Amino acid sequence: MRVTPVGVLVVVVALLVGGGTAWFLQRDQGKSPVVTASSSQPSPSASASPLPQDETETADGVGTDEPTVPSDRPTDPAAGTFDVVQDPSGITLAVPEGWQRSEDTPTVVFYRPPDEPKGRQGMHFVQFWPLQEENITSRDALLVTLTDNLRKPGFERIDLRDVPAEHFAEAAEMVYAYDSAEVGRRMQFVERVFRADDGQQYAFVVGAPANEWPYQYRVLTMTLRYFVPPGADTP
């Protein structure tokens with residue numbers, strides 16, 4: 001189903017995946033990620049409330065092949081050590097060390113801790129997918145997520161804003177929370193939608209228990225700091 005900006009506030013999208021809404025998708029290949037080395041470190045800077053004040057302004061089908069583990073890994077003092085991986089979709093990103101890849105659908109990818117139950121959402125996760133619709137803004141895409149989650153118990157929209165274009169063209173971000181019956185906890189999410197250098201729009205969501213905030217934002221910051229679209233050179 002294609003959703004246009006005109007209809008985005010009145011159409012309830014039936015497919016909810018994790019903390020975000022998976023829609024307008026493209027197909028990947030369903031392989032295991034390849035872990036690559038990186039010695040770069042993040043450099044936090046201030047951002048607007050209610051986002052953390054010390055952050056940089058940036059956001060079962062588990063593979064059987066063991067990834068190559070690099071000797072140097074980026075580290076965040078509050079979020080831990082990360083692996084920089086090349087996902088089978090062609091995207092390069094950073095994920096918390098040891099998190100494993102799974103697919104909710106062939107185009108909606110999760111990375112989760114290996115010791116947590118593999119439910120549809122899970123308690124901690126990084127989720128991403130490509131959007132296909134070319135005529136929708138990043139903010140309007142987030143409004144689809146907003147509409148899709150309004151009836152969740154205890155739903156709260158904490159923040160919705162445009163993100164400066166210095167990192168990604170035409171980007172927007174939303175922070176929201178609700179009481180998850182699946183994990184039995186109040187969950188808080190940060191979702192970033194942006195247009196990458198290859199012209200493709202992507203959505204990234206990081207979810208974790210609400211009392212762990214701003215862990216979610218720090219993970220998203222590191223994940224997107226190392227983001228490279230398919231076919232581009234890795235940093």
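On a predicted model such as this, the values are computed, not experimentally measured, just so you know.
The shortest distance between side-chain heavy atoms of Pro229 and Gln200 does not fall below 4.5 Å. Taking the side chain as every heavy atom from C-beta outward, Arg101 and Pro88 approach each other to under 4.5 Å. Contact of the Asp76 side chain with the Phe82 side chain is registered, since non-hydrogen atoms from C-beta on lie closer than 4.5 Å. The shortest side-chain heavy-atom distance between Leu93 and Phe204 falls under the 4.5 Å cut-off. Counting heavy atoms from C-beta outward, Arg218 and Pro77 have side chains that approach closer than 4.5 Å. Inter-residue side-chain proximity for Glu212 and His124 is flagged as met; some heavy-atom pair is nearer than 4.5 Å. Phe194 is listed as a side-chain neighbour of Leu224, based on a closest heavy-atom distance under 4.5 Å. Under the 4.5 Å side-chain criterion, counting only non-hydrogen atoms from C-beta, Val190 is not in contact with Val219.
Side-chain atoms of Glu170 come within 3.5 Å of backbone N or O of Ser138 as a donor-acceptor pair. Within the 3.5 Å criterion, the main-chain N or O of Ala208 finds a donor-acceptor partner in the side chain of Gln216. Counting only distance, with no hydrogens or angles, the side chain of Asp148 and the backbone of Val144 share no donor-acceptor pair below 3.5 Å.
With rounding to the nearest 0.5 angstrom, the CZ atom of Arg139 is 12.5 Å from the CD1 atom of Ile136. Taking OH of Tyr217 as the reference point, atom CZ of Arg192 lies at 5.0 Å (rounded to 0.5 Å). Once rounded to the nearest 0.5 Å, the distance linking CD of Gln100 with CG of Asp83 reads 11.0 Å. Note: Met187 CE to Asn211 CG = 10.0 Å, rounded to the nearest 0.5 Å. For the atom pair CG (Asp162) and CG (Leu142), the distance works out to 9.5 Å, reported to the nearest 0.5 Å. Atom CD of Gln127 sits about 7.5 Å away from atom CG of Asp104, to the nearest 0.5 Å.
Across every non-hydrogen atom of Pro153 and Tyr178, the tightest pair is O-CB, 3.5 Å. Summarising the geometry of Leu160 relative to Met174, their closest heavy-atom pair is CD1-CB, 3.8 Å, with the distance given to 0.1 Å. When all heavy atoms are compared, the tightest approach of Pro96 to Tyr215 is CG-OH, 4.1 Å. Of all heavy-atom pairs between Ser89 and Phe128, the closest is OG-CE1, 3.9 Å.
Checked against the 6.0 Å centroid threshold, Phe227 and Tyr202 count as a close aromatic pair.
Looking at residues two or more places apart in sequence or on another chain, you find no side chain to side chain donor-acceptor pair (under 3.5 Å) involving Asp197. Not counting sequence neighbours, the partners of Arg186 by the side chain to side chain donor-acceptor pair (under 3.5 Å) test are Glu156, Asp179. For Arg195, the salt bridge (Lys or Arg N to Asp or Glu O under 4.0 Å) criterion is met by no residue, not counting sequence neighbours. Applying the side chain to side chain contact (heavy atoms under 4.5 Å, CB included) criterion to Leu150, with sequence neighbours excluded, gives Leu146, Phe155.
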Exercise for review: Apply the test side-chain contact (heavy atoms from CB on, under 4.5 Å) to residues Tyr111 and Thr223: give CA-CA distance (whole Å), side-chain angles for both, the deciding distance (0.1 Å), then the verdict.
Suggested key: CA-CA 11 Å; Tyr111 281 85; Thr223 294; over 6 Å; no
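Ring geometry for Phe125 against Phe110 counts as perpendicular: the plane angle is over 60°, on a 0 to 90° scale with 30° as the lower cut.
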